[in-house]
2 protein chains.
Amino acid sequence: MNAQKRRKPTQIDIARLAGVSQSTVSLVLNEDPARSQIPAATRQRVTDAIRELGYTANPAARSLKGGRNHLLGLYTFETVFPLDQRDFYYPFLLGVEEEAAERGYDLVLFTSAGSDGRSIYAGGVNRLGVADGCVLLGRHIRRDDLERLVGEDFPVVFIGRRGVEELSFVAADYAAATREVVLKLAGLGHRDLLYLAAPEDSEPSQDRAEGYRQGLAETGLAHDERVVEPGEITADRLTEWLAGGVTAIVVEPTEDDRVAVALQEAAGRARIDIPGDLSVVLLGDPPSWSASPRDWTGFSIPRTEMARAAVEMLIDLLEDRPARRTLFLPCPPVEGDSVAPPRATGGDRPW
Amino acid sequence: MNAQKRRKPTQIDIARLAGVSQSTVSLVLNEDPARSQIPAATRQRVTDAIRELGYTANPAARSLKGGRNHLLGLYTFETVFPLDQRDFYYPFLLGVEEEAAERGYDLVLFTSAGSDGRSIYAGGVNRLGVADGCVLLGRHIRRDDLERLVGEDFPVVFIGRRGVEELSFVAADYAAATREVVLKLAGLGHRDLLYLAAPEDSEPSQDRAEGYRQGLAETGLAHDERVVEPGEITADRLTEWLAGGVTAIVVEPTEDDRVAVALQEAAGRARIDIPGDLSVVLLGDPPSWSASPRDWTGFSIPRTEMARAAVEMLIDLLEDRPARRTLFLPCPPVEGDSVAPPRATGGDRPW
DNA sequence: AGCAATTCTTAAAACGTATTAAGCGCTACT
DNA sequence: AGTAGCGCTTAATACGTTTTAAGAATTGCT
């Protein structure tokens, strides 16, 4: 009814009504109810007044005093809710939300980037500072921003490994998972592998490549590594590779599943059966909207767990609990239908 | 290296470094750049110091003072990122993010609900207060919370109509869209409609029902309104309805598309052709993950636009610009394949 | 009664910012 | 030379809370 802007009641209003001082009101609200300093009678008057005026504490004032405001930042170098990539981001968001909720933190989404190419430092001001700390996420990061952030030692945890000195992160253990893949192929009898890498050189790519090399070294397999554009994967090319002795291909996934799809198509056109004639492993999981009907063998990226762990690490940092600054999470293997023993050999150690 | 907890720099730190007073720092930060009081030299020293220390305004202190902190709350009565309902929420989130970003606001996601059933008032404290204002969203709201919020006149806009006195909202104009549907069916020659309502009594349901009644009143059609559980829609029932003269069914959508799917199945079993024997209109759009291959005729809910408009309204409120407090957005019609003229009549005005 | 111990209550000082009125050193008039 | 005016800077205050140290009131003891 009355639309006048009514000031919210403060502790002083309560104090006046209850006939005590403002400090007493605060004490009633904050004391440990176990061994209380305040007699029941006084407490009663205060709580009555609180009820009568509908008082609620001003969170700004409260957090101003305490230094912490229980806000966790979430900064993405791309849009937070991108329609075309929701499958990529959603599990991360989910994990961040869940863990933050459990720990009693609210989330600040830094969306106000806009004009300046989504820099953290808009007008020389670190906007992240409104939160106690921040979880970072994104494919196309700005390294300068990251370095500056770390320099200021603003508490930050990146989801995914990023090669920035002193930067805390939680990442998927691509190296170990890829190594496992190689061991598994070797165990099935494959002796000649082909590694198809995406043309970008990101940290995840490096980790996978490293794991691949490790696996090869341990098994003493032959290999052929090459960087491939999806357009280059033709039926002819594929046939050529097989003729060269290759029995399994290890594929790095791309954002949009193009390479895997191209491979699938080329194989169809060349009348190559997967996994009969050729085993294929995908180093990660394709987006769920993928058109590919194929259930690729490989491993999955524990996105939600990564996000939760990142939040956990950040909060530990904030609350001065001892915390490791880097963490690798295992990638659960995915048993699909694209891997089998090679045609020629029976299966196990044919020599 | 040094893990010591370093206090975040304040204006006083800046002031010391720049050799000015704290007030000057504040002025540099807040003045209207047009007619500035502060000479370029001083301003330069201050901004240099800001950059050097990585200063960021403390939002708590700022909003305590009465200023704005350019934080917009987003409160959902359910989990913010629910996996099973991402199609429902995503367009809203998208709209909120886009509009907030354009207006230079960051977003606060209130996730720290926890134990008390996602109440806004945790321990009697209105947690929304950290933000300047808040956009609300959710199917299963807590009316008491809403009323209390409005009572405190904390700036709030709900996405969707909610029957709470003085509550601002942006909603889809279900009434108008439903009325249109009835007019359209009447225009095609339908004279006997059946209205299948979901068993819940939410505001959107009320609006649709109202529009339906209006449409009927304007066209003078016969109708049969009933609340139906999906299980009740059987082939027999359907046959019975048709025998009674019904040529078109108007269906209220549910969260999970159950009613529409049940209808489809029952029609199949009763050998009733849609739209040949029976026209069906869906009052809203089914989730995109819907199994139903059917392209229902009806209208779609402008979720992203609703969200954007809600943010716009909220910011107008915050910045003391005149703003309407309720807004209905039109629902664009969807021309599907489930509506046709009734069998019996040729099509237009048979009398 | 006198004094110490205990119980209750409060004044006061932060926390970091925005804002206002006043202060300072100038210049430009009269 | 005196003073009004201007340009720049700052001291002071308020915002609502938590927290601490000290004050007041009451009790207990000799």
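Predicted model, so just to flag it, every value in this text is computed and none were measured. All chains are named by letter (A, B, ...) in the order of the sequence lines, taking the proteins before the strands, and each is independently numbered beginning at 1.
Between the CG atom of A:N58 and the C1' atom of C:dC15 there is a distance of 13 Å, rounded to whole Å. Computed from coordinates, the A:N30 CG to D:dT18 P distance equals 4 Å when rounded to whole Å. Distance, B:D13 CG to C:dG16 P: 8 Å, rounded to whole Å. Put simply, CZ on A:R62 is 16 Å from C1' on D:dC15, counting in whole angstrom units. In this structure, OH of A:Y55 is placed 8 Å from C1' of D:dG16, rounded to the nearest angstrom. The distance between atom CD1 of A:I12 and atom C1' of C:dA11, rounded to the nearest whole Å, is 13 Å. The distance between atom CZ of B:R43 and atom C1' of D:dT9, rounded to the nearest whole Å, is 14 Å.
In this structure, A:E147 does not pair ionically with A:R143, as no charged nitrogen and carboxylate oxygen lie closer than 4.0 Å. With salt bridges taken as basic N to acidic carboxylate O contacts below 4.0 Å, one links B:D13 and B:R16.
Nucleic acid contact for B:T24: base, since at least one base atom lies under 4.0 Å from a heavy atom of the residue. Nucleic acid contact class of B:Q11 (heavy atoms, under 4.0 Å, all strands): sugar-phosphate only. Contact annotation for A:S23: base contact, defined as any heavy-atom pair under 4.0 Å involving a base atom.
Looking at which nucleotide of DNA chain D each of A:V25 and B:R45 is closest to, the 5′-most match is held by B:R45. The residue among B:A61 and B:G19 whose nearest nucleotide of DNA chain D is located toward the 5' end is B:G19.
Within the 3.5 Å criterion, the main-chain N or O of B:A171 finds no donor-acceptor partner in the side chain of B:R161.
Across D:dG16, C:dT20, C:dA18, the shortest atom-to-atom separation from the side chain of B:L27 is found for C:dT20. Closest approach to the A:L64 side chain among D:dT17, C:dA18, C:dG16 is made by C:dG16 (side chain taken as heavy atoms from C-beta onward). Among the nucleotides D:dT17, C:dT17, C:dA11, the one closest to any side-chain atom of A:S21 is C:dA11.
The base of C:dA18 sits within donor-acceptor range of the side chain of B:Q22, with an N or O pair under 3.5 Å.
Using a 4.5 Å heavy-atom cutoff, the side chains of B:R162 and B:P204 are in contact.
Remark: B:T42 is not in phosphate contact with D:dC8, judged by side-chain N or O atoms under 4.0 Å from OP1 or OP2.
Residues B:Y75 and B:F158 keep their aromatic ring centres 6.0 Å or farther apart.
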